[in-house]
Student: 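Structure incoming, see below.
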Amino acid sequence: MRPLGIEGAWVDTPRVFTDGRGRFHEWFKGGTFRDSVGQGFSLAQANCSRSARGTLRGIHYASVPPGQAKYVTCVGGAVLDVVVDLRVGSPGFGTWEAVRLDDATHTCVYLSEGLGHAFMALEDDSTVVYLCSEGYAPEREYGIDPLDPALAIDWPEGLVPRLSGKDAAAPTLQEAGRRGLLPSYEKCAAYRKSLK
């Protein structure tokens, strides 16, 4: 695993073994994760989504503590996976980083508590699976408009974004900040430290 440019986000491309029967890879290894990130990953929920080409899901995040860390991969098709630093007071606040996840490389992304997550399906029937450190709790789940011009995420050209009603109505980063909905960098760092 190697760190991304946003603190608290990591990427891993596992070794894939291929033969006449098909292929095999280990997409999550607790020991490797712990050695790289410096803490374990407590699994509370596993999600799977299948999306039509152009589907844009996110930007989603949960209030911290406890937040919701995610370990994400694409097992069918391809997506552009985006991590956004939403932590008020973070040196990287408002920045984002994109990683292509697909069923050829099996690259995985880990994002810690307080970071925003979104992805766009690049192919029909793109299937994303992700492990979550906390279960879904609607009262502490939030979203940011993935098309917020201030964030200026470089979504793929030639695809018309298909958003849910909830994601289309999500506030901009500035609006969420004004309403006090964004996580604090200090609280996120303290919570991560408590997990070590």
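Computed from a predicted model, the values in this text were never measured in an experiment.
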Student: Would you compute the distance between atom OG of Ser51 and atom CG of Leu122 and round it to the nearest 0.5 angstrom?
Tutor: 10.5 Å
Student: Tell me the ring pair (Phe, Tyr, Trp, His ring centres under 6.0 Å) pairs involving residues 132-151, sequence neighbours left out?
Tutor: Tyr61-Tyr142
Student: Please verify the inter-ring angle class for Tyr71 with Tyr110; under 30° counts as parallel, over 60° as perpendicular, anything in between as tilted.
Tutor: tilted
Student: Please determine which of Leu151, Leu115, Asp148 meets the side-chain contact (heavy atoms from CB on, under 4.5 Å) test together with Val84.
Tutor: Leu151
Student: Side-chain heavy atoms nearer than 4.5 Å, only ILVMFWY residues, links allowed to pass through others: does that put Trp96 and Val11 together?
Tutor: no
Student: Using a 4.5 Å cut-off on heavy atoms from C-beta on, say whether the side chain of Ile59 contacts that of Val82.
Tutor: no
Student: Can a donor-acceptor pair be found, under 3.5 Å and without considering hydrogens, that links the side chain of Ser112 to the backbone of Gly8?
Tutor: yes
Student: Indicate whether the side chain of Ser42 and that of Ser133 have a donor and an acceptor atom separated by less than 3.5 Å.
Tutor: no
Student: Are any non-hydrogen side-chain atoms of Lys29 and Asp35 less than 4.5 angstrom apart?
Tutor: no
Student: Measure the spacing between CG of Asp154 and CG of Leu80 and express it to the nearest 0.5 Å.
Tutor: 8.0 Å
Student: Can you give me the closest heavy-atom contact between Arg87 and Ser184, atom names plus distance?
Tutor: CB-C, 4.4 Å
Student: For residues Val64 and Arg192, determine if any side-chain heavy atom of one lies less than 4.5 Å from a side-chain heavy atom of the other.
Tutor: no
Student: Could you pull out the closest heavy-atom pair between Pro183 and Cys188, with the gap in Å?
Tutor: CB-SG, 3.8 Å
Student: Roughly how far, to the nearest 0.5 Å, is the NE2 atom of His60 from the CG atom of Asp167?
Tutor: 3.5 Å
Student: Calculate, to the nearest 0.5 Å, the distance between atoms CG and CD belonging to Asn47 and Gln68 respectively.
Tutor: 7.0 Å
Student: Going by heavy atoms in the side chains, are His117 and Asp81 under 4.5 Å from each other?
Tutor: yes
Student: Using a 3.5 Å distance criterion without hydrogens, assess whether the side chain of Arg140 forms a donor-acceptor pair with backbone atoms of Gly67.
Tutor: yes
Student: Can you list every salt bridge (charged side-chain N to carboxylate O under 4.0 Å, His left out) pair that touches residues 40-56, not counting sequence neighbours?
Tutor: Arg50-Asp125
Student: If we ignore hydrogens and angles and just use 3.5 Å, is the side chain of Trp155 paired with the main-chain N or O of Leu56 as donor and acceptor?
Tutor: no
Student: Looking only at heavy atoms, which two atoms of Ala176 and Ile144 are closest? And how far apart?
Tutor: CB-CD1, 3.4 Å
Student: Test of understanding: clusters of I, L, V, M, F, W, Y form through side-chain heavy atoms closer than 4.5 Å, transitively. Do Met120 and Val99 belong to the same one?
Tutor: no
Student: Can you confirm whether Glu139 is buried at CD, in the sense that more than 12 heavy atoms of other residues, nucleotides or ligands lie under 6.0 Å from that atom?
Tutor: yes
Student: Spell out, yes or no, whether Met1 and Leu4 are grouped together once hydrophobic residues are joined by side-chain heavy atoms under 4.5 Å, including indirect joins.
Tutor: no
Student: For the hydrophobic clusters of this structure (ILVMFWY residues joined by side-chain heavy atoms under 4.5 Å, transitively), does one cluster hold both Trp10 and Leu43?
Tutor: yes
Student: So, do Leu101 and Val128 sit near enough that their side-chain heavy atoms are less than 4.5 Å apart?
Tutor: no
Student: For the residue pair Ala78 and Arg100, what are the closest heavy atoms and their distance?
Tutor: CB-NH2, 3.4 Å
Student: Within this structure, what is the CD1-CD distance for the pair Ile153 and Glu97, rounded to the nearest 0.5 Å?
Tutor: 12.0 Å
Student: For Leu86 and Leu182, work out which heavy atoms get closest and say how close.
Tutor: O-CB, 3.7 Å
Student: Can a donor-acceptor pair be found, under 3.5 Å and without considering hydrogens, that links the side chain of Asp103 to the backbone of Gly77?
Tutor: yes
Student: For residues 158-196, which residue pairs qualify under ring pair (Phe, Tyr, Trp, His ring centres under 6.0 Å), counting only residues two or more places apart or in two chains?
Tutor: none
Student: In terms of heavy-atom contacts, does CD of Gln45 have more than 12 from other residues, nucleotides or ligands at under 6.0 Å?
Tutor: yes
Student: At their closest point, which heavy atom of Glu175 faces which heavy atom of Thr172, and how far apart are they?
Tutor: OE1-N, 2.9 Å
Student: Quick one: CG on Asp12 to CD on Glu26, what's the gap to the nearest 0.5 Å?
Tutor: 10.5 Å
Student: Relative to the ring of Phe33, is the ring of Phe41 parallel (under 30°), tilted (30 to 60°) or perpendicular (over 60°)?
Tutor: perpendicular
Student: Should we say atom CD of Glu186 is surrounded by more than 12 heavy atoms from elsewhere, each under 6.0 Å from it?
Tutor: no
Student: Would you say that Tyr130 contacts Leu111 through its side chain, given a criterion of any heavy-atom pair below 4.5 Å between the two side chains?
Tutor: no
Student: Start with the C-alpha gap between Thr107 and Asp102, add the side-chain angles, then the distance that decides, and say whether side-chain contact (heavy atoms from CB on, under 4.5 Å) holds.
Tutor: CA-CA 7 Å; Thr107 297; Asp102 59 43; 6.0 Å; no
Student: Can you confirm whether Phe119 sits close enough to Ser49 that some side-chain heavy atom of one is under 4.5 Å from a side-chain heavy atom of the other?
Tutor: yes
Student: So do Leu173 and Phe93 actually touch side chain to side chain, heavy atoms under 4.5 Å?
Tutor: yes
Student: Do Val75 and Phe24 sit in one hydrophobic cluster, given that two such residues count as connected whenever their side-chain heavy atoms are within less than 4.5 Å of each other, even indirectly?
Tutor: no
